[in-house]
**Q** 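Please see the structure below; I have some questions.
Quick note on labels: first sequence line is chain A, next is B, and so on, each numbered from 1. Keep in mind that the numbers below use all heavy atoms, side chains included, and drop hydrogens, waters and symmetry copies. It should be emphasised that the depicted structure is a prediction, and the values quoted were computed from it without experimental measurement.
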Number of protein chains: 2
Amino acid sequence: MSQRDNVYQRIPRHLVAVDCIIFSYDLVKKVLDLLLIKRDFEPAIGKWSLPGGFVREDEDMEDAARRILYNLTGLKDVFLEQSYTYGNVTRDTGARVISTSYFALIKHQEINDEVKGKHGAHWSAVSEIPDLIFDHNEMVARALNELRCQVRIKPVGFELLPETFTLVQFQDLYEAIYHRIMDKRNFRRKILAMNLLEKLNEKDKVNSKRGAFYYRFIPEKYSEFTRNGFYFDLDVN
Amino acid sequence: MSQRDNVYQRIPRHLVAVDCIIFSYDLVKKVLDLLLIKRDFEPAIGKWSLPGGFVREDEDMEDAARRILYNLTGLKDVFLEQSYTYGNVTRDTGARVISTSYFALIKHQEINDEVKGKHGAHWSAVSEIPDLIFDHNEMVARALNELRCQVRIKPVGFELLPETFTLVQFQDLYEAIYHRIMDKRNFRRKILAMNLLEKLNEKDKVNSKRGAFYYRFIPEKYSEFTRNGFYFDLDVN
DNA sequence: CCAAAAGTGTTTTCTCTACACCCATGT
DNA sequence: ACATGGGTGTAGAGAAAACACTTTTGG
C-alpha cells in the first residue's frame, strides 16, 4: 500500500469485481449469442455464470474487464462499454462483492476457440439463456436493453459483423437484436441514406445463386455523422 | 467480518465511494442547478466537490447515495438513479477509490436550507459549474447528458417542478435542460396530447396580470403510457 | 389604455409505413 | 426452365416544423 493511502486508513474496504457480458452474432444461425462459463470456484461452483473476476489493486476497472475478456477470447481492442454497477450487500452469496458489468461486442469468427475451450466457455443464444448465478440474469437483461438502445444511436452493429457483409446479413443482425422482422426495402433505404456503407464489387455467393453484394463500414463517414449530432435510427416498428 | 467472507479472504479490497449529482430547477432564475459542497477533508480540502461518501460495510450502494442525499438535504424518497462508475487507479489523488455516481432530481422548494447550510452546500447553475476535484466535472457532464436522454423517455421533468405548475414553467424547464428555445405552440400541443396533465382551475398570477393556469401531473396516466411502450418525446429541435 | 405575458390554428414539409414484382444465376 | 434468394420504387398517412395574432388584466 502506498503512502498516499494513509489518509483513508480507517474506511472499510470492499471486494470489487467486474463481469463481462460478451455478445456475438452467429451469421449462420442468425442469433445473438452470449458467452457463458461454468463457474470454477465456490460458492455456486459448476453453475452457469458470466465471466468475471476481481479488480486488482493497481488496475483500472476497465482494464480488469479487458483482462478477463482477453483471457477468455484471446482478443484485444474489443468494443467494451460499462453497463451498470450492482452494489447490494447480499447479491453474492459468498461475500459482499460489488460488481460492475461491462458489455462487449465481438466478431464470432475472430474468437480463439482454443483459449475459449480451456475455460469451459460456451455460446448461448440470448433467447435461451439458462439460469445464471446471483444477479447475472439481471445483468444480461440490462445489457441487452442497452445494446438495443446503443444500436439506434451509434453504429455498434458493425462490431458484430465481419469486415465485409451483405445487406441481408446486416438486416438479419438487426432482426436478431430486436427479435422483430423489418421491411427489407425500408431498411435498405434508411441504412444507405446514412452514407456509412461502401458497396464493394465482390459478391457473397454462399447463400444464393445470384449472390449478394458485400458492403463495408466506413469509419471516416461516421465521424462526420457524430460531429453533426446525427441520429442512427433504424425503424424498429 | 462474517463467516461467509472466508472464501474470498486473499482478494484485494478497495475503497468504494458514491458521489451525488443533485439537480434542481430554479423557477425564478430559470436555470438548472447543481448542489455542490466545499470539501472538508484532505486531500483537496476547501475545493468544490460533488457531495459523496464511502460505502459502509453493510450498506447497499444505493442506500449509501440516499444517506448522503439525506444528510445534505433532509429529503427522503427522492428520484435517484445510478449514472456511472469511475474506476481508474489514479482518479482520486488521495488513494485508489472507486466511485459510483448517482444523479438525483429534487424540487428546489423542498430542500431544508438549514441542513444544507450546515454542510456548506451551494447551488450552482449547470452553465457555470466551477472546477471540481478529481473527475467530478466529468461526472456532471455524463449525468447531465443522461438527464437529457431520460427526460425524453420518461417524464422525469416533473421531479423538478412543484406539485402544480404552469405550462410556461414547464416549457422553461425544458429549455433550461436543453439550453435551447422551443416553439410554444408545438410544445403545448405535444405535451397536452400525451394526456399526462390535468388542468386545474387556479391560476398563477405571479408572473402576469392575466395569470396562467396551473396543471398537475397525473401519475396514473403515466402507467398506461409505459405499458403501451409510449415515448415521451418533445421536439428538441 | 397600455404593457406584458398567456393562449391559440393552419399550412407545408418531411418522414414513416405499407406493399409486390422483377432479376440473376446454378442446377 | 425453374427454384432460390437478391434487389428495387411509389403512394398515402401521419408527424414535425414554421409561423403571428388575439386575449386578459393590473396598474
**Q** Would you kindly compare A/Arg210 and B/Arg210 by the position of their nearest DNA chain D nucleotide and give the one closer to the 5′ end?
**A** A/Arg210
**Q** Round to the nearest Å and state the distance from A/Phe187 atom CZ to D/dG6 atom P.
**A** 13 Å
**Q** Do the side-chain N or O atoms of A/Arg185 get closer than 4.0 angstrom to the phosphate oxygens (OP1, OP2) of D/dG7?
**A** no
**Q** Decide whether B/Asp19 and B/Ser101 meet the rule of one side-chain donor and one side-chain acceptor closer than 3.5 Å.
**A** no
**Q** Closer to the 5' end of DNA chain D via nearest nucleotide, is it B/Arg189 or B/Lys205?
**A** B/Arg189
**Q** Would you tell me whether A/Asn71 and A/His119 have side-chain atoms, one donor and one acceptor, within less than 3.5 Å of each other?
**A** no
**Q** Nearest whole Å is fine: how far is D/dT8 P from A/Lys190 NZ?
**A** 19 Å
**Q** Rounded to whole Å, how long is the line connecting atom CE of A/Met182 with atom P of C/dA18?
**A** 13 Å
**Q** Is any side-chain N or O of A/Asn186 under 3.5 Å from a base N or O of C/dA18, one able to act as donor and the other as acceptor?
**A** yes
**Q** Rounded to the nearest Å, what distance is computed from the CZ atom of residue B/Phe170 to the C1' atom of nucleotide C/dA6?
**A**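 Distance, rounded to whole Å: 17 Å.
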**Q** How do A/Lys209 and B/Thr166 order along DNA chain C: which one's closest nucleotide is nearer the 5' end?
**A** B/Thr166
**Q** From D/dG6, D/dA16, D/dC19, pick the nucleotide closest to the side chain of A/Arg188?
**A** D/dG6
**Q** Applying a 4.0 Å non-hydrogen cut-off, can you work out what A/Lys184 is touching in the nucleic acid: base, sugar-phosphate, or nothing?
**A**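 Result for A/Lys184 = base.
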**Q** Could you state the OH-P distance from A/Tyr214 to D/dG7, rounded to the nearest angstrom?
**A**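 Those two atoms, OH and P, are 12 Å apart.
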**Q** For B/Tyr86 and B/Tyr84, I'd like to know if the aromatic rings sit close, meaning centre-to-centre distance below 6.0 Å.
**A** yes
**Q** Among B/Tyr25, B/Phe165, B/Trp123, find the residue that satisfies the ring-ring contact (aromatic ring centres under 6.0 Å, His included) test when tested with B/His108.
**A**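 Among the candidates, only B/Trp123 passes.
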**Q** Roughly how many Å is it from CD in B/Gln171 to P in C/dG7, rounded to a whole number?
**A**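 Whole-Å distance recorded here is 11 Å.
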**Q** With no hydrogens and no angle check, just 3.5 Å: does a side-chain donor-acceptor pair link B/Asn145 and B/Arg148?
**A**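 Absent: no donor and acceptor within the cut-off.
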**Q** Nearest whole Å is fine: how far is D/dG7 P from A/Tyr215 OH?
**A** 6 Å
**Q** Between C1' on D/dG5 and CZ on A/Phe213, what's the gap in Å once rounded to a whole number?
**A** 14 Å
